[in-house]
Colleague: 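Before we start, here is the structure in question, set down as structure tokens.
Order of the sequence lines fixes the chain letters, A, B, ..., with proteins taken first and strands second; residue numbering starts at 1 for each chain.
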Amino acid sequence: MKYKAIKGVKDILPGETEKWYFIEKHARDIFETFGFSEIRIPIIEKTALFARGIGETTDIVEKEMYSFEDKGGESITLRPEGTASVVRAYIEHGLYNNHSLTKLYYMGPMFRHERPQAGRYRQFYQIGAEIFGEESPSIDADIITMLMYLFKRLGLNNIELQLNSLGCERCRPVFRERLLDFLKKRLPVLCEDCNRRFERNPLRVMDCKSKGCSEVMKDSPDMDGSRCEECQRHIDGVIEYLLIAGIRYTLNPRLARGLDYYTRTTFEITDKGLGAQNAIAGGGRYDSLVEDFGGPRISAIGFAIGMERLVSLIDMGEKFIPGSSPEVYIAALGEEANQKAFDILRQIRLRGIRSEMSYSDQRFVPKKSLKSQMKKAGRYGVSYTLIIGDNELRNGKVILRDMKKAEQEEIDIEDIVEALVKRIG
RNA sequence: GUGAGCGUAGCUCAAUUGGCAGAGCACUGGACUGUGGCUCCGGUGGUUGAGGGUUCAAUCCCCUUCGCUCACCCCA
């Protein structure tokens, strides 16, 4: 084959797209009920935006971005996530001047150059939501509630919400020092990866899955003993409101997240039905990012859902049967009949009836037997087939066949459009 | 970036110690000159991912390469 889709990207074909539409529709419905509006952000941004927002030393920025130089010599990057762009747009358009609270959602493709595997692609789709302008714990609980409600509506049963608070710019550095101190003494017994993490992202050592490390880390300090009073009160508040909402959660003081901008609340939703990449959504609070980007001191929280992972969990039930299969098929015998068929097809389509014909004009294509045309009608699963034959045409008639009842009748050709509309429309 | 597994028809998969590349589905024609679904019969469709080696003979064994998949890492 001459051309193939490149590694890590894929086509979403009919049969799948219905599921995507179903999910997107429910997301829009629910988000708008919760007061969110859609924002459409560019797929490309200046590289510096992501480098600054996501963090210079994160894997995403260090080795996973699709970056290139444009004609003006500027470094441009295909977005690896959505939050940085939304924050940029929020500041650029001064959205904080219009309302004290701004709720935005977005959906679309993201790009990261990673080795593909189950649930991980180089072009992948996210649905994300962000709230700006409120630091009350109830807003954290609110956005998590919305997310859980969406998953429930989509019929997910095996999901788990994991919750943590990473502290703020005051108490996190203190914790970090305590952790580094603890790790430094134990480097020889930690795995190779964790020795690397020690240098680059020590918080990640906390959730290393290797046996030796997780054994050692049992005694490590975690966020639970390290938060400042305000941060502890904040996470307690989030929990309080989650209880009111009846949302089940698991506190995981070792839950670290890979993006530098998170402060205080972080959360992740996992599903047992997925492979190694078992997170279908993740998010958290980022109270300093707006300011870091040159905006006012405004706190914010958001999440992103991995579409491919979500799609793989959605049951292909009856509600996903494609809506585009035709209801009427027109079989024609001969050139004149084909022209009549073409005209009737046009008319009933204008009346909103999904329909197909056999396109059997004998001047250009080999004669198609009525049998083969009927077979095609059966394959399409239509309710009615219109048979236009030479004999009937001479008398100004066509045959309307009810496929389910296997009965048919002759109808005047002038009346056929209305007859079909009456039966189907 | 590291490791493992797999590449045969459009799709899902067979092929005995190495011995003429097959089946189901799909598509198409017929049995039934102008009537679908069920049944039966026929047909189209292949550089066995590619290149090299061993052999009388390679889908099968060896080497190289490309692709896919899964896992590590990391993340949605």
Colleague: Quick one: the side chain of A:R120 and the base of B:C74, do they pair up donor-acceptor inside 3.5 Å?
Modeller: yes
Colleague: Ignoring hydrogens and angles, does a donor from either the side chain of A:E392 or the base of B:G34 sit under 3.5 Å from an acceptor on the other?
Modeller: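 Side chain to base: pair found, below 3.5 Å.
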Colleague: With a 4.0 Å cutoff (strictly under), does any side-chain N or O of A:K7 reach OP1 or OP2 of B:C66?
Modeller: no
Colleague: For B:U2, what is the paired nucleotide under Watson-Crick or G-U wobble rules, both distances under 3.5 Å?
Modeller: B:A71
Colleague: Please name the nucleotide paired to B:G18 by Watson-Crick or G-U wobble geometry with both distances under 3.5 Å, or report none.
Modeller: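 For B:G18, the partner nucleotide comes out as none, under the 3.5 Å rule.
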Colleague: OP1, OP2 of B:G67 versus side-chain N and O of A:K4: anything below 4.0 Å?
Modeller: no
Colleague: Would you check if there is a donor-acceptor pair between the side chains of A:Q347 and A:D343 at a distance under 3.5 Å?
Modeller: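 Side-chain D/A pair, A:D343 to A:Q347: present.
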Colleague: Determine which nucleotide pairs with B:U65, using a 3.5 Å limit on both distances of a Watson-Crick or G-U wobble pair.
Modeller: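 Because both required distances fall under 3.5 Å, B:U65 counts as paired with B:G49.
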Colleague: I want to verify a distance call: between B:C74, B:A76, B:U35, whose nearest atom is closest to the A:A279 side chain?
Modeller: B:A76
Colleague: Among the nucleotides B:U28, B:G34, B:C73, which one has an atom lying closest to any side-chain atom of A:K376?
Modeller: B:U28
Colleague: Salt-bridged, A:E407 to A:R401, with N to O below 4.0 Å?
Modeller: no
Colleague: Report the distance from atom CD of A:E114 to atom C1' of B:A71, rounded to the nearest whole Å.
Modeller: 14 Å
Colleague: Can you tell me, in whole Å, how much space there is between the C1' of B:C62 and that of B:C25?
Modeller: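 Roughly 36 Å separates the two C1' atoms.
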Colleague: Say we look at B:U12 and B:G18: how far apart would their P atoms be, to the nearest angstrom?
Modeller: 28 Å
Colleague: What is the base-pairing partner of B:C60, counting Watson-Crick and G-U wobble geometry with both distances under 3.5 Å?
Modeller: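 Checking every strand shown, B:C60 finds no partner, since no pair has both distances under 3.5 Å.
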Colleague: Any side-chain heavy atom of A:K10 within less than 4.5 Å of one from A:Q123?
Modeller: no
Colleague: Rounded to whole angstroms, how far apart are CG on A:L370 and P on B:G37?
Modeller: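 Spelled out: CG on A:L370 to P on B:G37 is 12 Å.
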Colleague: Are A:Q117 and B:C72 close enough that a side-chain N or O sits under 4.0 Å from OP1 or OP2?
Modeller: yes
Colleague: Provide, to the nearest angstrom, the distance between the CZ atom belonging to A:R122 and the P atom belonging to B:G67.
Modeller: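 Value for this atom pair: 10 Å.
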Colleague: Is a donor-acceptor pair below 3.5 Å formed from side chain A:N391 to base B:G34, judging by atom type as modelled?
Modeller: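 Such a pair is found, so the answer is yes.
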Colleague: Using a 4.0 Å heavy-atom cut-off across all strands, classify A:T385 as base, sugar-phosphate, or nothing.
Modeller: nothing
Colleague: Under a 3.5 Å limit for both distances, which nucleotide forms a Watson-Crick or G-U wobble pair with B:G10, could you say?
Modeller: B:C25
Colleague: Pick base, sugar-phosphate or nothing for A:Q408, based on heavy-atom distances below 4.0 Å to the nucleic acid.
Modeller: base
Colleague: What's the gap between B:A57 and B:U64 when it is taken at their P atoms, as a whole Å value?
Modeller: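 My reading of the P atoms in B:A57 and B:U64 gives 23 Å.
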Colleague: If we take the P atom in both B:U33 and B:A14, what is their distance in whole Å?
Modeller: 42 Å
Colleague: Expressed in whole Å, how much space separates the C1' atoms belonging to B:G7 and B:C40?
Modeller: 36 Å
Colleague: Starting from C1' on B:A71, measure out to CG on A:N278 and report it in whole angstrom.
Modeller: 14 Å
Colleague: Roughly, in whole Å, what's the span from CZ in A:R401 to C1' in B:G34?
Modeller: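 Distance check: A:R401 CZ to B:G34 C1' gives 12 Å.
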Colleague: Expressed as a whole number of Å, how far does the P atom of B:U48 sit from that of B:G3?
Modeller: 31 Å
Colleague: Salt bridge or not between A:E308 and A:R120? Use side-chain N to carboxylate O under 4.0 Å.
Modeller: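 Salt bridge absent between A:E308 and A:R120.
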Colleague: What is the base-pairing partner of B:G34, counting Watson-Crick and G-U wobble geometry with both distances under 3.5 Å?
Modeller: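 By the stated definition (distances under 3.5 Å), nothing pairs with B:G34.
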Colleague: Do A:R379 and B:C27 have a side chain to base donor-acceptor pair shorter than 3.5 Å?
Modeller: no
Colleague: Expressed as a whole number of angstroms, how long is the span from A:H113:NE2 to B:C75:C1'?
Modeller: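 After rounding, the reported distance stands at 15 Å.
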Colleague: We want to know whether A:R178 and A:S226 form a side-chain donor-acceptor pair, criterion being a heavy-atom distance below 3.5 angstrom.
Modeller: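 Distance-only check passes for A:R178 and A:S226.
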Colleague: For A:L310, which contact category applies under a 4.0 Å heavy-atom criterion: base, sugar-phosphate, or nothing?
Modeller: nothing
Colleague: Below 4.5 Å, heavy atoms only, C-beta onward: do A:P202 and A:R197 meet side chain to side chain?
Modeller: no
Colleague: Select base, sugar-phosphate, or nothing to describe what A:Y384 touches, counting heavy atoms under 4.0 Å on all strands.
Modeller: nothing
Colleague: In terms of the nearest nucleotide of RNA chain B, which residue is placed more toward the 5' end: A:Y125 or A:K371?
Modeller: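 On the 5' side of the pair lies A:K371.
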Colleague: Looking across every strand, which nucleic acid part, if any, lies under 4.0 Å from A:G119 by heavy atom: base, sugar-phosphate, or nothing?
Modeller: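 The answer is base, as A:G119 lies within the cut-off (heavy atoms under 4.0 Å) of a base atom.
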Colleague: Closest to the A:R112 side chain: B:G3, B:A76, B:G34?
Modeller: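 Comparing B:G3, B:A76, B:G34 against the side chain of A:R112, the answer is B:A76.
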Colleague: Between B:U17 and B:G36, how far apart are the two P atoms, rounded to whole Å?
Modeller: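 Those two atoms are separated by 48 Å.
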Colleague: Would you mind classifying the nucleic acid contact of A:A406 as base, sugar-phosphate or nothing, using non-hydrogen atoms under 4.0 angstrom?
Modeller: base
Colleague: What does A:I387 touch in the nucleic acid at a heavy-atom separation under 4.0 angstrom: a base, only the sugar-phosphate, or nothing?
Modeller: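 It contacts base atoms.
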Colleague: Within the 4.0 Å heavy-atom criterion, would you say A:A304 contacts the bases, only the backbone, or no part of the nucleic acid?
Modeller: sugar-phosphate
Colleague: Taking all non-hydrogen atoms of both residues, which atom of A:R227 and which atom of A:N164 are closest, and how far apart?
Modeller: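 Closest approach of A:R227 to A:N164, heavy atoms only: NH2-OD1, 3.1 Å.
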Colleague: Find the distance A:M110:CE to B:C74:C1' and express it as a whole number of Å.
Modeller: 17 Å
Colleague: Are A:E130 and A:Y286 linked by a side-chain donor-acceptor pair shorter than 3.5 Å?
Modeller: yes
Colleague: Return the value, rounded to whole Å, for the distance between atom CG of A:L203 and atom C1' of B:C74.
Modeller: 15 Å
